[in-house]
Amino acid sequence: MSVAHFISRKCLNAVLFAAALFLLTPAVASAAPQSSVIQLPGLSVRGDSNSITIILLLTLLTLLPAILLSMTPFVRILIIFHFLRQALGTQTAPTNQTLIGLALFLTYFIMQPVGSAIHEQAIIPLEHGRINSWQALDRGAGPLRSFMLGYAREKDLALFAEMSREPRPKKPEDLSMRIVVPAYILSELKTGFQIGAVLFLPFLVIDLVTASVTTSIGMLQLPPVVISTPLKILLFVVADGWNLVVGSMMKSFHY
């Protein structure tokens with residue numbers, strides 16, 4: 001087996017397994033019969049019929065974008081890039097495709113240890129038949145839950161724990177995924193807007209100074225943005241802005 005084929009197979013297994021974790025909670029797993037298994041790439045799970053297998057697989061593939069947005073740092077990274085582009089005033093440069101591509105690779109860089117932990121703790125034992133599919137789902141949920149709990153605010157966790165009316169857990173690791181995932185999304189949105197606002201301030205100062213100078217010398221025919229935009233881009237390039245922004249953003253994820 002080639003290295004490229006092994007890596008692509010490993011990534012596909014991890015992605016599909018994450019999708020299954022998003023859909024199937026331990027409560028559902030405990031109620032499901034031990035004999036029912038689903039055929040997924042790299043996973044050996046038996047099902048009662050091929051129709052159920054196909055429906056579930058298509059559902060998992062459909063929910064992959066939502067899982068990418070809800071269980072990874074992709075939202076925070078993309079929000080920060082959006083604020084940065086708005087602050088620079090470049091409108092469409094870099095393009096949306098460029099920013100999304102960079103956000104995807106940064107997300108992969110951050111989530112790679114989590115994916116490796118899921119692969120080692122859940123997928124490999126399942127492939128060797130040491131555990132069944134529901135035990136694998138329960139094991140695989142651990143690394144994802146730990147990652148999200150590391151960045152979810154207690155206030156957001158308390159909000160959804162109260163709304164779910166579930167028994168109060170003894171420790172955060174006992175919270176179900178239906179509580180952890182939305183709390184993590186809210187926390188990431190707040191953090192992304194906080195970092196974006198901080199990025200906006202220095203460029204806002206340049207806009208204000210440029211507008212004041214052009215108004216005071218009577219340059220009313222020339223919009224201030226025509227002068228401030230090149231100045232902001234020049235400052236950003238001289239300060240090696242992309243390295244600073246990406247480096248600071250990655251360090252916010254404990255790197």
Side-chain angles (χ1 to χ4, degrees), residues 3-4 7-8 10-12 14-15 18 22 64-119 143-153 156 180-210 225 227-255:
V3 176
I7 294 175
S8 62
K10 183 176 178 180
C11 292
L12 181 60
V15 169
F22 182 79
L64 284 181
I67 295 169
L68 177 64
L69 292 175
S70 60
M71 303 175 72
T72 68
F74 185 79
V75 170
R76 182 196 299 192
I77 296 173
L78 204 57
I79 288 175
I80 294 172
F81 285 160
H82 170 76
F83 274 103
L84 177 61
R85 188 172 65 179
Q86 291 293 108
L88 286 172
T90 54
Q91 302 300 325
T92 58
T95 61
N96 291 333
Q97 291 83 353
T98 302
L99 294 181
I100 292 174
L102 179 57
L104 283 172
F105 278 102
L106 293 178
T107 301
Y108 168 76
F109 182 84
I110 296 171
M111 296 298 295
Q112 194 273 335
V114 179
S116 297
I118 294 175
H119 189 264
L144 270 177
R145 184 184 291 107
S146 298
F147 174 81
M148 289 187 288
L149 285 174
Y151 303 101
R153 299 186 304 164
D156 296 325
V180 176
V181 172
Y184 172 76
I185 297 174
L186 287 186
S187 301
E188 288 294 283
L189 288 173
K190 178 179 175 60
T191 304
F193 272 81
Q194 286 177 333
I195 298 176
V198 173
L199 284 175
F200 223 107
L201 292 178
F203 299 106
L204 180 59
V205 172
I206 296 177
D207 287 331
L208 292 175
V209 172
T210 304
V225 68
I227 301 176
S228 64
T229 299
L231 292 176
K232 291 188 290 186
I233 295 175
L234 179 62
L235 175 64
F236 189 74
V237 172
V238 170
D240 197 7
W242 285 110
N243 183 278
L244 292 175
V245 171
V246 173
S248 301
M249 185 167 50
M250 300 301 286
K251 290 177 182 177
S252 69
F253 290 100
H254 305 164
Y255 277 90

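Quick caveat, the model's predicted, so the values are computed rather than measured.
Note: Phe236 and Phe203 have tilted aromatic rings, judged against thresholds of 30 and 60 degrees for the angle between ring planes.
Within the 4.5 Å cutoff, the side chain of Asp207 has heavy atoms near those of the Lys232 side chain. Using a 4.5 Å heavy-atom threshold, the side chains of Met250 and Leu106 count as touching. The side-chain heavy atoms of Phe81 and Met249, taken from C-beta on, include a pair separated by under 4.5 Å. For the pair Thr72/Phe147, no side-chain contact is recorded, criterion being any heavy-atom separation below 4.5 Å from C-beta on. Here the side chains of Met111 and Leu144 are in contact, with some heavy-atom distance below 4.5 Å. With contacts defined as side-chain heavy-atom distances shorter than 4.5 Å, the pair Val75/Ile185 does not qualify.
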Verdict with supporting geometry, Thr98 and Leu102, side chain to side chain contact (heavy atoms under 4.5 Å, CB included): CA-CA 6 Å; Thr98 302; Leu102 179 57; 5.6 Å; no

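Across all their heavy atoms, Ile110 and Pro73 have their closest contact at CG2-CG, 3.8 Å. The two residues Leu189 and Ile79 make their nearest non-hydrogen contact at CD2-CD1, 3.5 Å. Heavy-atom minimum distance, Ser187 versus Asp156: OG-OD2, 2.8 Å. For the pair Gly89 and Thr229, the tightest heavy-atom approach, listed with the atom from each and the gap, is O-CG2, 4.1 Å. The nearest pair of heavy atoms linking Pro202 to Leu199 is CD-O, 3.4 Å. A pairwise comparison of heavy atoms in Trp242 and Pro94 identifies CZ2-CG, 3.7 Å as the closest pair.
Considering CG of Leu235 and CD1 of Ile206, their distance stands at 4.5 Å, rounded to 0.5 Å. Here the CG atom belonging to Leu186 is positioned 10.5 Å from the OG1 atom belonging to Thr191, to the nearest 0.5 angstrom. The NE2 atom of His119 lies 11.5 Å from the CD atom of Gln112; values are rounded to the nearest 0.5 Å. Put simply, CZ on Arg76 and NZ on Lys190 are 12.0 Å apart, with the number rounded to the nearest 0.5 Å. Atom OG1 of residue Thr107 and atom CD1 of residue Ile100 lie 11.0 Å apart, to the nearest 0.5 angstrom. Interatomic distance, CE of Met71 versus CD of Glu188, reported as 12.5 Å (0.5 Å rounding).
Looking only at distances, a side-chain donor or acceptor of Tyr151 sits under 3.5 Å from a matching main-chain atom of Phe253.
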